[in-house]
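The structure appears below as structure tokens.
Whatever order the structure lists ligands and atoms in, that order sets their numbers, starting from 1.
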Amino acid sequence: MSDKQITVTSPLLPDREEFGQLLKEIWDSKWITNNGQFHKQLEKALCEYLKVPFISLFTNGTLPLLTALQALRITGEVITTPYSFVATTHSIWWNGCKPVFVDIEESTCGIDPDKIEAAITPKTTAIMPVSCYGKPCKMDEIQAIADKYGLKVIHDAAHAFGIEVNGESWLNKGDMASLSFHATKVYNTLEGGALVVHDEQTKKRIDYLKNFGFAGETEVVAPGINSKMDEVRAAYGLLNLKQVDEAIEKRHQVAIQYREALRDVKGVRYFDDMPGVRHNYSYFPIFINAEEYGMTRDELYFKLKEQGILGRRYFYPLISTFSTYRGLPSAAQENLPVATKIANEVICLPMHHELGKEDVERILKIILK
Ligand SMILES: *Cc1c(COP(=O)(O)O)cnc(C)c1O
């Protein structure tokens, strides 16, 4: 194939010279991990950028989920969505809890609040919703149910970096919000993640838990784990934070170009911006109605692939279909009709800061036939 491949994403990389200077500082200081100066600076800078009161950095975006469940002492059953990346459900399983899948709604791809109450049992202790594709899920409705039944809410906000609703950070919703700074996300620190919390006492507890439970040189207050972010990644993260707005704006332009071209295509659905929401354009999912479009999702997916366009079918297959989970009563397909349908319709088109107008045109030409 002569045309270059277009991948679904491309990592945002800091300037190498600038990164080199920060690396020299790290080398000179010989302080390479354990809450060093870049770690402190990045926590502060992220609190400002994200408009959140307290944040704890992690080594990836899965460990903050695990740690949030630990910190809130979640046991028994946790209500969650099958339409996400596997780490959401794995974090529940790794805490010895039972995931209970609730169907999603088509308009946000988030958990359907109208179906939550029917899934609550005396063993339910928490709800773990996901703001899928960075689209705000129905958090206020979810929180109201949680309050009514005394449940905790752990928001998997791995896609929701920088999302604001009516000028307020979306990450302040729920008891805690978890972020991923993986290479495939809008903002990356190579690997990395964070937990957003509301008060200093909770941040302290999270910081103990991510450092073996150490509360001082000789005092261990909890059976913690090691999930600290090191200085090299914190420095890298500081540089990427300076350019993330520009990257989001470039993604925005790509979204505009996709939407304009797809507006009148029968059988292709996509998301428009929501009023009052600052979006991050982390993904551009389209949903194929095979009958109307005249081709199935997979036919289009492989046709794109043949021509070097590597979209991804996020989130197919559903988490509830994987071997660990498919035996759970809540994993039954009849329980998850909307998620099942969406998983069979979705393709995430290439979406990143380096896509040019011609790249997008090349992709669109295939979709428009
Ligand atoms: C990426 C992702 C995670 C896990 O993040 P890692 O940094 O890869 O560990 C968790 N939940 C969702 C929804 C994600 O997309």
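- Side-chain N or O atoms of Asn335 include one that pairs as donor or acceptor with a backbone N or O of Ser330 at under 3.5 Å.
- A salt bridge links Lys250 with Glu246: at least one charged nitrogen is closer than 4.0 Å to a carboxylate oxygen.
- Within the 3.5 Å criterion, the main-chain N or O of Cys348 finds no donor-acceptor partner in the side chain of Arg312.
- In terms of heavy atoms, Pro129 sits closest to Ile111 at CB-CG2, 4.0 Å.
- Of the options Phe315, Tyr281, Tyr187, a ring-ring contact (aromatic ring centres under 6.0 Å, His included) to His159 is made by Phe315 and by none of the others.
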Ligand 1: which protein N/O atoms lie under 3.5 Å from its N/O atoms?
from     : atom 1 : to     : atom 2 : distance (Å)
ligand 1 : 5 (O)  : Ser180 : OG     : 3.2
ligand 1 : 7 (O)  : Gly61  : N      : 2.7
ligand 1 : 7 (O)  : Ser180 : OG     : 2.7
ligand 1 : 9 (O)  : Gly61  : N      : 3.2
ligand 1 : 9 (O)  : Thr62  : N      : 3.1
ligand 1 : 9 (O)  : Thr62  : OG1    : 2.6
ligand 1 : 11 (N) : Asp156 : OD1    : 3.4
ligand 1 : 11 (N) : Asp156 : OD2    : 2.8
ligand 1 : 15 (O) : His159 : NE2    : 2.7
ligand 1 : 15 (O) : Lys185 : NZ     : 3.1

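- Using a distance-only test at 3.5 Å, with no hydrogens or angles considered, no donor-acceptor pair links the side chain of Asn95 to the main chain of Cys97.
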